[in-house]
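Please see the structure below; I have some questions.
Every chain is numbered from 1, with letters handed out A, B, ... down the list of sequences. Because the structure is a prediction, the values reported are computed rather than measured.
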Amino acid sequence: MLIIKNIIDNRDSVIRGLLKKHFHNAEQIIEQIINTDIERRNIQKELDTNLAAQNKIAKQIGALMAQGKRDEAEVAKAQTSQYKEHGKLLADKLAEYENNLKELLWQVPNIPHDSVPEGRTAEDNRVERSGGEIPTMTEDALPHWDLAKRYDLIDFELGVKITGAGFPVYKGKGARLQRALINFFLDEARNAGYLEVEPPYLVNADSGYGTGQLPDKEGQMYHVTADDLYLIPTAEIPVTNIFRDVILQEKDLPQCLTAYSACFRREAGSYGKDVRGLNRLHQFNKVEIVRVDTPKHSYQSLDEMVFYVEKLIGKLQLPYRILRLCGGDISFTSSLTFDFEVYSAAQKRWLEVSSVSNFESYQANRLKCRYKTTEGKIELCHTLNGSALALPRIIAALLENNQTPQGIKIPKALVPYCGFEWID
RNA sequence: GGUGAGAUGGGUGAGUGGCUGAAACCAACAGUUUGCUAAACUGUCGUACGGGUAACUGUACCGGGGGUUCGAAUCCCCCUCUCACCGCCA
């Protein structure tokens with residue numbers, strides 16, 4: 001969430017930022033937050049004074065008792081009841097205002113970075129740059145779901161029997177390709193300086209709030225009600241929450257982590273060609289990269305992550321483009337996001353395979369992820385993450401773009417990981 | 001799942017009602033000494049929210065929540081977690 005002090009100090013630019021994100025009633029809710037905070041401070045002042053008085057009397061009683069002046073102590077005791085009653089009232093009121101403030105702050109999304117383009121929908125995202133070559137396909141080029149069937153790589157119907165739609169079963173070279181990609185991505189990340197971690201796939205509510213999936217996207221996560229845990233929709237949650245309630249040293253930043261995980265998404269409300277084949281699944285594999293950095297350095301970190309993902313896609317020889325998301329399309333918690341799309345030649349459409357974001361201090365403020373500067377001051381960190389990469393759409397594009405009459409050609413970089421050059 | 005023991009600052013760990021926001025030690029940081037390293041010595045060393053230009057100062061926090069009391073790390077209740085043993089088990 002936003003830092004209350006920043007809202008007060010930069011009221012107008014905050015409102016402008018929220019409007020760019022198409023957040024309704026921006027001015028109204030910011031007013032409400034500022035007023036609630038003023039009230040909160042007044043109540044706290046009054047309560048602190050009240051408690052200080054109580055503490056003083058309690059100390060006097062202790063001293064009197066020690067001197068054996070019981071009668072005087074009794075007189076002092078009688079004084080306290082008025083303070084206590086009023087104090088209780090104030091404490092309740094303070095808790096109420098703090099709660100109100102917290103709930104208001106939770107509703108407010110992150111402020112977009114200045115470089116985020118104006119716009120409402122995905123149409124308004126700006127293409128930063130693109131790379132790779134879009135292959136020319138023959139008319140009979142098959143979409144990946146047909147290729148998966150022809151070469152017996154993925155069984156969608158079997159997944160339906162075992163679980164339901166969106167839970168495919170990978171088989172043979174399909175399964176091996178998947179495992180190869182995971183290892184390839186993890187090795188690449190490690191070579192780029194990311195520490196590999198293997199996180200839990202279920203997280204508690206605190207973690208969900210920490211990174212902002214709760215309460216905003218509650219309906220998108222599978223909730224294990226018996227134990228009140230959530231299946232992770234991305235490794236971002238467990239990995240970023242490593243830094244919840246942590247104070248790092250400035251010299252230890254940036255922290256760079258990578259993790260493979262299965263990801264689970266309910267995807268309620270999706271339908272049509274978007275969900276065909278591997279395009280949108282309830283369970284899929286992803287390798288994530290996460291960074292925690294200083295505010296001063298976080299945008300350089302973001303650039304490094306974008307550059308890293310770009311190189312990674314390049315090694316797979318897939319045509320791609322990088323989008324700078326517009327105000328209306330950027331996520332609730334993000335300040336600046338670059339989406340990566342690869343071109344899937346038989347479907348003739350761009351598929352999102354990565355999203356790289358700087359959350360600035362928005363997550364860190366919820367997480368209480370801070371660092372001690374070399375001068376000894378404590379500041380909020382900036383958190384960043386990106387997919388590197390999400391597997392299913394990569395597989396879709398690999399299958400479609402590399403199909404030949406002889407079979408599907410595996411890109412060079414992957415051959416050592418797969419152990420085969422062709423799917424035929 | 002059962003039984004028992006625990007949960008205190010970066011770490012170890014003292015503390016059973018007022019002198020404890022918290023001993024001591026270790027680590028860390030700064031300094032003195034030193035040809036260098038080491039050692040020794042001195043000092044600093046939790047977080048949050050308030051007030052104050054500042055020096056400074058108020059309040060809260062000893063796993064979480066509630067209670068008793070003028071006063072709680074300390075007593076009571078509930079919860080969570082950790083450890084040990086048993087049971088079950090990849």
Side-chain angles (χ1 to χ4, degrees), chain A residues 1-9 33-106 198 200-210 214 224-230 238 241-253 255 262 292 361 363-381:
Chain A
M1 56 189 164
L2 297 178
I3 303 164
I4 183 81
K5 196 172 175 326
N6 286 357
I7 296 178
I8 294 166
D9 293 346
I33 285 170
I34 292 173
N35 289 332
T36 306
D37 187 60
I38 291 168
E39 282 296 304
R40 192 206 100 229
R41 284 216 299 274
N42 287 336
I43 296 163
Q44 186 182 335
K45 221 185 295 184
E46 207 180 330
L47 176 61
D48 282 358
T49 312
N50 176 291
L51 290 173
Q54 288 190 44
N55 286 342
K56 200 171 158 197
I57 294 170
K59 259 199 181 120
Q60 285 168 354
I61 291 170
L64 290 170
M65 301 282 264
Q67 295 165 30
K69 298 178 179 168
R70 295 197 141 235
D71 293 345
E72 286 178 50
E74 286 304 321
V75 173
K77 271 194 201 184
Q79 281 188 289
T80 57
S81 62
Q82 41 164 343
Y83 283 112
K84 280 189 85 169
E85 214 170 302
H86 190 50
K88 179 105 183 70
L89 230 67
L90 288 168
D92 289 348
K93 208 165 149 194
L94 182 65
E96 187 190 322
Y97 275 81
E98 282 175 343
N99 261 327
N100 289 347
L101 189 61
K102 196 170 70 182
E103 266 167 42
L104 286 168
L105 284 169
W106 267 342
E198 185 178 321
Y201 291 0
L202 285 97
V203 292
N204 56 33
D206 281 346
S207 294
Y209 279 101
L214 291 174
V224 182
T225 51
D227 296 291
D228 196 22
L229 297 171
Y230 296 85
N241 271 278
I242 289 172
F243 301 99
R244 173 150 50 89
D245 294 320
V246 167
I247 300 178
L248 296 151
Q249 298 295 321
E250 182 167 4
K251 67 177 164 59
D252 296 328
L253 296 172
Q255 291 276 319
V292 178
S361 59
Q363 286 183 332
N365 194 25
R366 291 189 177 197
L367 291 161
K368 294 204 192 68
C369 171
R370 294 160 292 174
Y371 74 103
K372 200 171 238 173
T373 65
T374 40
E375 295 89 46
K377 275 182 72 183
I378 287 175
E379 309 274 3
L380 287 170
C381 296

Original post:
Do other residues, nucleotides or ligands put more than 12 heavy atoms under 6.0 Å from A/Gln82 CD?
Top reply: yes
Original post:
Paired with B/U69: which nucleotide, if any, by Watson-Crick or G-U wobble criteria at under 3.5 Å for both distances?
Top reply: none
Subject >> Nearest-Å distance for atom pair CD/P, residues A/Glu98 and B/U59 >> reply: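 Roughly 17 Å, once rounded to whole Å.
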Subject >> Atom C1', compared across B/A72 and B/G17: separation rounded to whole Å >> reply: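 Looking at atom C1' only, B/A72 and B/G17 are 6 Å apart.
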Original post:
In terms of side-chain geometry, is the basic nitrogen of A/Asp48 or A/Lys45 positioned less than 4.0 Å from the acidic oxygen of its partner?
Top reply: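 Looking at A/Lys45 together with A/Asp48, the answer is no, because their closest N to O distance does not fall below 4.0 Å.
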**OP:** Tell me the partner of B/G35, counting only Watson-Crick (N1-N3 plus N6-O4 or O6-N4) or G-U wobble (N1-O2 and O6-N3) with both under 3.5 Å; none if nothing fits.
**Re:**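 Per the H-bond distance test, none.
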Original post:
Who is the Watson-Crick or G-U wobble partner of B/U16, with both distances under 3.5 Å?
Top reply: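 B/U16 is paired with nothing.
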**OP:** Return the 5'-most residue of the pair A/Gly376, A/Ala63 with respect to RNA chain B, ranking by each residue's nearest nucleotide.
**Re:** A/Ala63
Original post:
Is the phosphate of B/G51, meaning OP1 or OP2, less than 4.0 Å from a side-chain N or O of A/Arg41?
Top reply: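 Yes, A/Arg41 has a side-chain N/O under 4.0 Å of OP1/OP2 on B/G51.
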Original post:
Just checking A/Ile378: base, sugar-phosphate only, or nothing, at a heavy-atom cut-off of under 4.0 Å?
Top reply: sugar-phosphate
Original post:
Using purine N1 to pyrimidine N3 plus N6-O4 or O6-N4 for Watson-Crick, or N1-O2 and O6-N3 for G-U wobble, both under 3.5 Å, which nucleotide pairs with B/A28?
Top reply: B/U44
**OP:** Rounded off to whole Å, could you give me the OH-to-C1' distance for the A/Tyr97 and B/C49 pair?
**Re:**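 Between C1' of B/C49 and OH of A/Tyr97: 18 Å.
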So which protein nitrogen or oxygen atoms get under 3.5 Å of nucleotides 62-71 of chain B's nitrogens or oxygens?
| from | atom 1 | to | atom 2 | distance (Å) |
| --- | --- | --- | --- | --- |
| B/G71 | OP1 | A/Lys84 | NZ | 3.1 |

Subject >> For B/U74, the Watson-Crick or wobble counterpart (both distances under 3.5 Å) >> reply: none
Original post:
Roughly, in whole Å, what's the span from CG in A/Leu51 to P in B/U59?
Top reply: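 Atom-to-atom, A/Leu51 to B/U59, this comes out as 8 Å.
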**OP:** Nearest 0.5 Å please: distance from the CD atom of A/Gln249 over to the OG1 atom of A/Thr373.
**Re:** 9.5 Å
Original post:
Under 3.5 Å, is there a donor-acceptor pair between the A/Lys69 and A/Gln67 side chains?
Top reply: yes
Original post:
When the P atoms of B/G52 and B/G9 are considered, how many whole Å apart are they?
Top reply: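 Here B/G52 and B/G9 have their P atoms 33 Å from each other.
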Original post:
CG of A/Asn42 versus C1' of B/U59: gap in Å, rounded?
Top reply: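 One finds 16 Å between C1' of B/U59 and CG of A/Asn42, rounded.
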Original post:
Quantified in whole Å, what is the C1' atom distance between nucleotide B/G35 and nucleotide B/G46?
Top reply: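 Each nucleotide's C1' atom is 40 Å from the other's.
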Original post:
Can you tell me how far P in B/A73 sits from the matching atom in B/G64, rounded to whole Å?
Top reply: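 Comparing P positions in B/A73 and B/G64 gives a spacing of 12 Å.
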Original post:
Does the distance from a Lys or Arg side-chain N to an Asp or Glu carboxylate O, for A/Glu74 and A/Lys77, drop under 4.0 Å?
Top reply: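 Yes.
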**OP:** For A/Lys372, report the nucleic acid contact type (base, sugar-phosphate, nothing); a contact means any heavy atom under 4.0 Å.
**Re:**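 If one applies the 4.0 Å heavy-atom cut-off, A/Lys372 turns out to touch the sugar-phosphate alone, with no base involved.
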Subject >> Paired nucleotide for B/U82 [Watson-Crick or G-U wobble; both distances under 3.5 Å] >> reply: B/A5
N/O contacts under 3.5 Å, protein versus nucleotides 78-80 of chain B?
none

**OP:** Quote, to the nearest angstrom, the C1' distance that separates B/G63 from B/U8.
**Re:**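 The answer is 10 Å between these two C1' atoms.
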Subject >> Watson-Crick or G-U wobble partner of B/C49, both distances under 3.5 Å >> reply: B/G58
Original post:
Quantified in whole Å, what is the C1' atom distance between nucleotide B/G18 and nucleotide B/G13?
Top reply: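 That atom pair is separated by 24 Å.
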Original post:
Taking CD1 from A/Ile247 and P from B/G11, how many angstroms apart are they, rounded to a whole number?
Top reply: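 Distance check: A/Ile247 CD1 to B/G11 P gives 12 Å.
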Original post:
Okay, side chain of A/Gln255, backbone of A/Val292: is any donor-acceptor separation there less than 3.5 Å?
Top reply: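 Not confirmed, A/Gln255 side chain does not pair with A/Val292 backbone.
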**OP:** Walk me through it: do A/Phe243 and A/Leu248 pass the test side-chain contact (heavy atoms from CB on, under 4.5 Å)?
**Re:** CA-CA 9 Å; A/Phe243 301 99; A/Leu248 296 151; 4.0 Å; yes
Original post:
Once you round it to whole Å, what is the distance between P of B/G10 and CG of A/Asp245?
Top reply: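 So the two atoms are 12 Å apart, to the nearest Å.
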Subject >> B/G87 - base-pair partner by Watson-Crick or wobble geometry, distances under 3.5 Å >> reply: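 Pair assignment: B/G87 / none.
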**OP:** Please indicate whether A/Asp71 has more than 12 foreign heavy atoms, meaning atoms of other residues, nucleotides or ligands, lying under 6.0 Å from its CG.
**Re:**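 No, CG of A/Asp71 has 12 or fewer neighbouring heavy atoms, counting only those of other groups under 6.0 Å.
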Original post:
A/Thr225 side chain to A/Asp228 main-chain N or O, any donor-acceptor pair under 3.5 Å?
Top reply: no
Original post:
Which whole number of Å gives the distance between the P atom of B/G21 and that of B/C62?
Top reply: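 Straight-line distance between the two P atoms is 12 Å.
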Original post:
Measuring from A/Asn35:CG to A/Asn100:CG, what's the distance to the nearest 0.5 Å?
Top reply: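 Between atom CG of A/Asn35 and atom CG of A/Asn100 there are 12.5 Å.
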Original post:
If the C1' atom of B/G4 is compared with that of B/G58, how far apart are they to the nearest Å?
Top reply: 44 Å
Subject >> Protein-nucleotide distance (A/Lys368, atom NZ; B/C49, atom C1'), rounded to Å >> reply: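 Computing the A/Lys368:NZ to B/C49:C1' distance gives 12 Å.
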Original post:
Just wondering, more than 12 heavy atoms not from A/Tyr83 lying within 6.0 Å of its OH?
Top reply: no
Original post:
To the nearest Å, how far apart are A/Gln67 CD and B/G18 C1'?
Top reply: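 These atoms are roughly 13 Å apart.
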Subject >> A/Gln54 side chain to A/Asn50 side chain, donor-acceptor N/O pair below 3.5 angstrom >> reply: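 There is such a pair between these side chains.
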Original post:
Out of B/C49, B/G58, B/U47, which has the shortest distance to the side chain of A/Arg370?
Top reply: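 Nucleotide nearest to A/Arg370's side chain: B/U47.
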